[in-house]
Every structure is written in C-alpha cells, then in structure tokens.
> 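Take a look at this one; I'll ask things after.
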Number of protein chains: 2
Amino acid sequence: MAATLSDVAARAGVSIKTVSNVVNGTGRVGAETRDRVERVIEELGYRPNVSARNLRHGRSGVIALAVPEIGNPYFAELAELVVKAAEGYGWTVLIDQTDADPDRERLVLQGIRSHLIDGLLFVPGRLSADDFAARTDTTPMVLLGERLTRVADRVAIDSYAAARAATEHLIDLGRTRIAAVGATPSGDAVSRGRYEGYHDALVAAGHRPSARLVVPQRRWRHESGVEAVGRLLALSRPPDALFCSNDLLALGALRALHDHGVRVPDDVAVVGIDDIAESRFSRPSLTSVAPDKRHIAETAVGLLADRLKGSFSSAPREFIAGFHLEVRESTEG
Amino acid sequence: MAATLSDVAARAGVSIKTVSNVVNGTGRVGAETRDRVERVIEELGYRPNVSARNLRHGRSGVIALAVPEIGNPYFAELAELVVKAAEGYGWTVLIDQTDADPDRERLVLQGIRSHLIDGLLFVPGRLSADDFAARTDTTPMVLLGERLTRVADRVAIDSYAAARAATEHLIDLGRTRIAAVGATPSGDAVSRGRYEGYHDALVAAGHRPSARLVVPQRRWRHESGVEAVGRLLALSRPPDALFCSNDLLALGALRALHDHGVRVPDDVAVVGIDDIAESRFSRPSLTSVAPDKRHIAETAVGLLADRLKGSFSSAPREFIAGFHLEVRESTEG
DNA sequence: ACCGCGCGGTACAACGTTGTACCAAGAACT
DNA sequence: AGTTCTTGGTACAACGTTGTACCGCGCGGT
C-alpha cells in the first residue's frame with residue numbers, strides 16, 4: 001500500500017500539515033523537524049497522490065493533444081515537439097486519437113476526460129463550426145489547423161498560402177498540366193484551403209484548371225497516393241506535375257510513378273506538404289512545404305498557458321506560423 | 001463554474017447520492033426521479049469530476065506508455081495500436097517520451113506521475129537491470145522490448161531470432177560479406193540481441209564475421225544509416241549485403257547506396273527490422289522483419305489489465321510475439 | 001510583571017465522489 | 001393485526017491533500 005501524508009506524519013511524530021509543508025516548501029518548519037520528516041519520506045517512499053492534489057486545487061498538470069492519427073509521421077513529429085514544449089511548463093501530455101471520426105471528435109470537444117486535463121490542443125478533422133458552437137465544456141482549448149470561425153485560439157500555417165506556394169513552384173518549372181491529389185473543394189477546411197490555393201495559383205498564372213486533374217482522397221496516406229497516380233496516368237492527357245496535399249500522398253505517388261515507368265521529375269514533378277523526415281530520404285527526395293513545426297508546438301502550448309493563467313475571457317487569438325519550400329529532387333531534376 | 005453533484009441535487013430536489021446513483025446506474029432510483037435528475041444533468045451540463053472519482057476508488061483510468069521517441073514511426077505505430085487496445089478497457093493513454101535518456105527513464109520507473117496512472121507500459125532504452133531492481137514505485141508495469149532479467153511482465157519479439165532470420169535470408173541469397181548496421185555487442189539488450197543473432201547466423205553458415213563490417217550507431221535513424229553506408233563503402237572490400245537493426249537505418253542506407261551509385265539488390269541487398277509503413281513504399285521497397293505489432297500491443301494491455309484485476313503478486317510472465325519476414329525489392333531483385 | 005511578536009506547529013474544513021448503513025412507507029405474507 | 005420484505009431514498013464518512021485560522025512558547029522591550 002502506498003504511503004500517505006498521515007503515514008509519514010505518524011512515523012515522524014508531527015501533524016499531517018507539517019509533512020505537507022515540508023513536501024511543498026510552504027509554511028514554516030524548523031530545520032530539525034524538516035530533516036526528520038524528510039528521512040521518513042525517504043524511508044516510506046512517500047509520493048504525493050496527484051488525484052487528491054488535483055481535487056484540492058482543480059488542476060491536474062496534464063494537457064491533452066487530440067490528433068486524427070498518431071501513426072501519421074506529421075502528427076507524431078508534432079506530438080514530439082508538443083511534449084517537449086509542455087515539459088517547460090511542468091505538464092504531461094495525454095495523446096488522444098480521434099481517427100478523424102466526427103463522433104470521437106465531438107467527444108473530445110465535450111471533454112471526455114473532463115477535469116482530468118487542464119487544457120486541450122486539438123487538431124480537428126471533420127468537425128464543423130456548429131459542432132464547436134455547441135461545445136459546453138469550458139476547458140481551455142487551442143486549435144491546431146485550419147480556421148473554422150473564430151471559435152478558439154488557433155495556431156496553424158496558412159494552408160491556402162502553402163498550397164499556392166507549392167503550386168507556383170510547379171508553374172515556375174514550366175509545368176502546365178498540374179494535378180491535385182488529396183484536396184477537394186468540398187472537403188474539410190484544410191482540404192478546401194489547399195484546393196483553393198492550388199486553384200488560384202493556376203488561374204493567376206493563366207492556366208485553365210481541369211476537373212479531371214483533381215483526385216480527392218479521403219485518407220491522406222501512402223496507399224491513396226498510389227491509387228491516385230493510377231487514375232491520373234489513365235487519362236488521355238496525363239499530368240506533368242503533382243501537387244499532393246501531404247507528404248504521405250506524395251511519397252506513395254513517387255512510388256507509383258516509378259512503377260509505371262514514369263520519370264520524376266523529368267516526366268512528372270511532385271511536391272508535398274508537411275516535410276516529414278522520410279521526405280529527405282526517399283528516392284527521389286521530395287520537395288515539400290515545410291511548416292515551422294517547432295514554432296507551432298511552442299506557440300500552441302504557450303497560448304494554453306496564457307489561458308490557464310487567467311485570460312479566459314479575452315477574444316480568440318490567431319497565430320499563423322511560417323513555412324518555407326524545401327526544394328529537393330522531385331522537382332529540381 | 002462547472003456543475004457538481006450537489007448543484008444537480010439541489011436543483012432536482014433530491015440528495016447528492018441519488019444523483020450519483022443515476023449517473024452510475026447504481027442503487028435503486030424511481031423512474032420518475034431518474035427522469036427529473038437526468039433532465040437537470042442535461043440542463044446544467046454536469047460532468048463527473050474524474051479527480052474526485054479517482055481519489056475515491058484509487059483508479060484513474062489512465063495508463064502511460066513510455067517510449068524513447070514518439071517521432072520514430074515504429075513507436076508511433078505501436079502507440080496507435082496501444083491506444084486502440086486500451087480503449088477496450090476504457091483507458092486513456094498518456095504518452096511519455098524518454099529520449100532514451102537514462103535519467104528520464106529512471107524518473108518514469110519511479111512513477112513521475114504516480115497515482116495519476118494506473119499502469120505503465122514501458123519501452124526501456126538504456127536502463128540496466130539494477131535500475132529496475134531499485135524501483136520502489138508499485139504501479140503495475142509491463143515491459144515492451146528486450147529481456148533485462150525477470151523483473152516484470154514483458155512482451156516482445158525475440159530480437160535474437162529476428163536478427164538471425166534477417167541475416168539468414170541474406171545468406172540464402174548467396175551473400176558473403178554481410179555488414180551489420182546499428183547493433184553492437186556492447187550496447188543495450190536490444191542492440192546486443194540483434195548483434196548476436198547476426199553473428200550466430202554467420203557462424204552457423206560457416207562465414208567468418210569481420211569486425212570491419214560492423215558499424216554500431218547510437219541513434220537508429222535515417223541519418224545514421226546514411227553515415228554507416230559512407231563508411232562501409234570506403235572499405236577496401238565493401239559489403240554485398242546490409243543487415244540494419246531497424247527500418248529507419250535501412251531506409252537511410254538505401255538512399256545513401258543510391259547516391260553512391262550502388263545498385264540494390266544487385267550489388268548490395270538490404271534488410272531492416274520493424275516493417276514500418278514507409279518500407280512498403282520506398283524505392284526499392286524494403287525487405288523487413290515484421291513483428292506482430294497488434295499482438296504486442298494487445299497482449300501488453302491485457303497483461304496490465306490482469307495485474308490491475310489483482311494478480312499483483314504472481315511471478316513475472318513473458319510473452320514472445322511472432323514475426324515474419326516481408327520479402328521485398330531490396331533483397332529479391 | 002506585562003505586552004507584543006515572530007516562530008513552529010496544529011486542527012479543521014473543504015475539494016467532489018461513492019460505499020455503507022440506515023430509514024420510512026407501503027405491500028405481502030401469516 | 002402483527003410481522004417481514006421490498007422499494008426508494010437519505011446521512012455520513014472517507015479517499016489524500018492543502019488553505020485558513022489559530023495556538024503556545026520564548027524572547028525582547030517597556
């Protein structure tokens with residue numbers, strides 16, 4: 001049985017509160033008493049009960065990070081940075097996986113582990129602004145990802161700008177039949193943003209967007225990239241460049257292009273978004289829009305810290321993190 | 001302010017305990033009363049306070065998974081499966097990252113979040129058996145990974161057998177100068193196991209192991225694989241096959257081999273261990289030892305459940321999960 | 001001798017839940 | 001009519017902590 005304050009107190013011949021004071025460095029305790037208590041703590045291997053503490057002052061020291069899937073390297077890398085940033089505040093991070101399932105996401109919003117977590121970092125997938133409006137849980141929340149309306153603090157790169165930059169890069173290479181893999185105008189906010197960036201870049205450059213070159217995918221993973229390439233190469237006039245909505249799609253596409261005997265970047269150039277580690281080592285290495293992940297993680301955790309320090313009522317704030325294009329073999333020949 | 005049981009009770013004109021009974025489905029409550037209470041709960045948006053609950057029955061519903069780095073796809077994939085398995089028991093998973101830093105690992109062992117977590121799944125990196133012997137925290141623990149001594153329940157694949165199978169595959173291909181990348185006889189248990197499997201496979205096949213062909217790496221990631229290949233190709237008699245201790249090393253190696261103009265598998269065959277998603281889509285795709293990750297995750301969580309159900313005192317149990325070799329382009333030409 | 005004060009420490013209540021013990025009122029037996 | 005049982009509900013204590021209020025003691029100054 002784990003030792004409690006009163007076990008220690010009894011053994012040291014002092015009151016419970018004195019032990020508590022020693023543990024927390026509060027109140028006034030004589031040097032001699034302190035020594036004695038500390039010895040007993042050591043002896044009994046006493047550790048404070050976090051639940052009781054939380055109950056007392058309503059804080060748990062735990063924040064949650066809810067992502068669609070932790071198996072996706074982008075989210076895994078982000079999680080790693082969030083954990084590091086949270087450490088600086090003495091917080092532990094609880095990772096929740098929503099599978100981009102609306103029901104599970106709604107549960108997260110409603111505070112499934114309410115009172116266990118002090119704050120929530122949420123990467124929403126398929127939720128609508130209405131869902132957020134219906135939120136009753138009051139746990140401070142910071143959104144990572146796209147705008148839904150000004151519903152909470154938010155940190156993200158500008159998906160539209162990122163997609164546009166990626167597409168413009170392809171245009172600058174002289175490509176004219178540029179396909180979009182993944183994003184769709186009728187999808188969630190991220191999907192829409194990336195589609196529109198792609199679309200507007202084409203229009204601004206005087207290209208005529210073609211619906212045939214848009215291959216939406218529900219799940220943005222390797223397999224979907226492979227599948228999209230299969231469809232695009234079957235067209236009578238196949239594309240000469242691919243703008244993929246994330247790196248996994250792009251990496252799957254690279255693999256599939258090779259299998260079809262298409263040369264990259266000679267015949268088809270490819271760009272992705274996320275700049276995951278894997279993209280630096282693929283063959284060919286992948287040109288990708290690199291969001292400043294560290295900045296995103298640190299800002300998000302910092303915003304949460306602010307909210308917890310009291311500014312509950314202030315208006316939602318937005319931070320747009322920077323990005324840059326990492327040009328690699330898949331576009332530069 | 002969040003509503004509590006007594007807020008609901010006051011408003012519904014019943015006792016606190018009755019509300020508690022409605023919430024938990026315990027005790028006997030009349031249909032009419034139940035309806036009324038449920039309406040008030042809805043109205044007030046009442047949610048039970050997990051901390052208080054935990055305090056009451058000494059359980060938190062949270063288990064921790066401590067891994068060296070969540071950014072490594074193998075651990076990310078494992079984490080995903082653990083989360084899923086834990087869900088079946090109503091548990092939430094808290095992910096802790098140790099960075100394979102002995103001090104941080106010791107903290108985990110000593111129950112840094114003691115009383116917050118009901119159980120611990122631990123993937124140790126650099127800790128010794130002594131460290132485990134010195135553990136005073138009594139939180140049930142299941143080890144994922146290599147044997148240290150029979151110090152706790154453990155689930156893992158047999159690293160030795162896996163390494164041996166991988167190496168034998170290379171031998172079967174007729175390769176004679178087989179290098180080992182990553183593992184070292186003087187490393188931690190995993191590293192040692194993989195080295196010995198490699199070594200014994202060579203000896204059993206009548207090959208003479210050469211120290212020059214062993215390139216230990218502290219961190220098993222892409223970059224290290226690249227670096228190792230640089231060193232191996234500088235040898236007067238470079239290898240014709242690479243046994244890499246994990247897939248990240250192998251993928252880095254594939255990339256570096258290509259950069260040096262070496263053909264895979266013609267000139268050099270490559271195998272890895274872990275079978276991460278990425279390995280199915282690399283160029284060439286990577287032959288890898290595939291541990292049964294789902295089985296590992298489910299068994300580990302199940303063992304923890306057993307311990308929590310009361311069998312605290314029983315002797316440590318070991319489960320060896322299966323694996324199979326996924327043969328792909330990096331070895332099969 | 002008295003007051004005031006700093007020091008070291010204690011007692012108690014409260015955080016929100018839930019298990020145990022109990023109770024009142026009506027129904028169903030002998 | 002008296003006894004027992006069932007139903008629906010309540011009161012209280014306890015989980016382990018910590019904030020607030022308080023208390024006794026010795027010391028220095030009047």
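Scope of the values below: all heavy atoms of this structure, side chains included, with no hydrogens, waters or symmetry mates.
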> Whole-Å distance between C:dG19 C1' and B:Arg59 CZ?
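Distance, rounded to whole Å: 16 Å.
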> Spell out, as yes or no, whether a donor-acceptor pair under 3.5 Å connects the side chain of B:Asn72 to the backbone of B:Tyr74.
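Between the backbone of B:Tyr74 and the side chain of B:Asn72 there is a qualifying donor-acceptor contact (under 3.5 Å).
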> Rounded to whole Å, please give me the gap between NE2 in A:His57 and P in D:dT20.
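Checked: the NE2 to P distance equals 12 Å.
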> Rounding to an integer number of Å, can you tell me how far A:Leu5 CG sits from D:dG19 C1'?
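Between C1' of D:dG19 and CG of A:Leu5: 14 Å.
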> Nucleotides 23-25 of chain D: which of its N/O atoms have a protein N/O under 3.5 Å away?
none

> Can you tell me if A:Asp99 uses its side chain to pair, donor with acceptor, with the backbone of A:Asp101 under 3.5 Å?
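Between the backbone of A:Asp101 and the side chain of A:Asp99 there is no qualifying donor-acceptor contact (under 3.5 Å).
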> Tell me what A:Asn54 touches on the nucleic acid: a base, only sugar-phosphate, or nothing, going by heavy atoms under 4.0 Å.
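Nothing, no nucleic acid heavy atom in range.
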> Looking at B:Asn21 and B:Thr26, what are the two nearest heavy atoms and their distance?
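Looking at all heavy atoms of both residues, the closest pair is OD1-OG1, 2.8 Å.
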> Any side-chain N or O of B:Ser20 less than 4.0 Å from the OP1 or OP2 oxygen of C:dT18?
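Checking B:Ser20 against C:dT18: at least one side-chain N or O falls below 4.0 Å of OP1 or OP2.
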> Looking only at the side chain of B:Arg56 (C-beta and beyond, no hydrogens), which of the listed nucleotides D:dT18, C:dC15, C:dT18 gets closest?
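Nucleotide nearest to B:Arg56's side chain: C:dT18.
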> Of all the heavy-atom pairs spanning A:Gln97 and B:Val83, show the shortest one and how long it is.
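Taking every non-hydrogen atom into account, CB-CG1, 4.3 Å.
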> Just jot down the side chain to side chain donor-acceptor pair (under 3.5 Å) partners of B:Glu105, sequence neighbours excluded, or say none.
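So B:Glu105 forms no side chain to side chain donor-acceptor pair (under 3.5 Å) with any residue.
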> Between P on D:dT17 and CG on A:Asn24, what's the gap in Å once rounded to a whole number?
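Going from A:Asn24 (CG) to D:dT17 (P), I get 10 Å.
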> Which heavy-atom pair separates A:Ala156 from A:Gly145 by the least distance, and what is that distance?
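Nearest heavy atoms, A:Ala156 then A:Gly145: CB-O, 2.9 Å.
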> For nucleotides 6-11 of chain C, just jot down a letter per nucleotide in 5' to 3' order: B, S or -, based on protein non-hydrogen atoms under 4.0 Å.
-SSSBB
> Where is the tightest heavy-atom contact between A:Thr33 and A:Val29, given as atom of each residue plus distance?
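Looking at all heavy atoms of both residues, the closest pair is CB-CG1, 4.0 Å.
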> How long is the line joining CZ of A:Arg53 and P of D:dG16, in whole Å?
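It works out to 14 Å between those atoms.
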> Let me confirm one number: the CG-CZ distance from A:Asp153 to A:Arg317, rounded to the nearest 0.5 Å.
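Going from CG on A:Asp153 over to CZ on A:Arg317, the span is 4.5 Å.
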> Could you go through the side-chain contact (heavy atoms from CB on, under 4.5 Å) check for A:Ile157 and A:Ile320 one step at a time?
CA-CA 5 Å; A:Ile157 60 163; A:Ile320 304 303; 5.6 Å; no
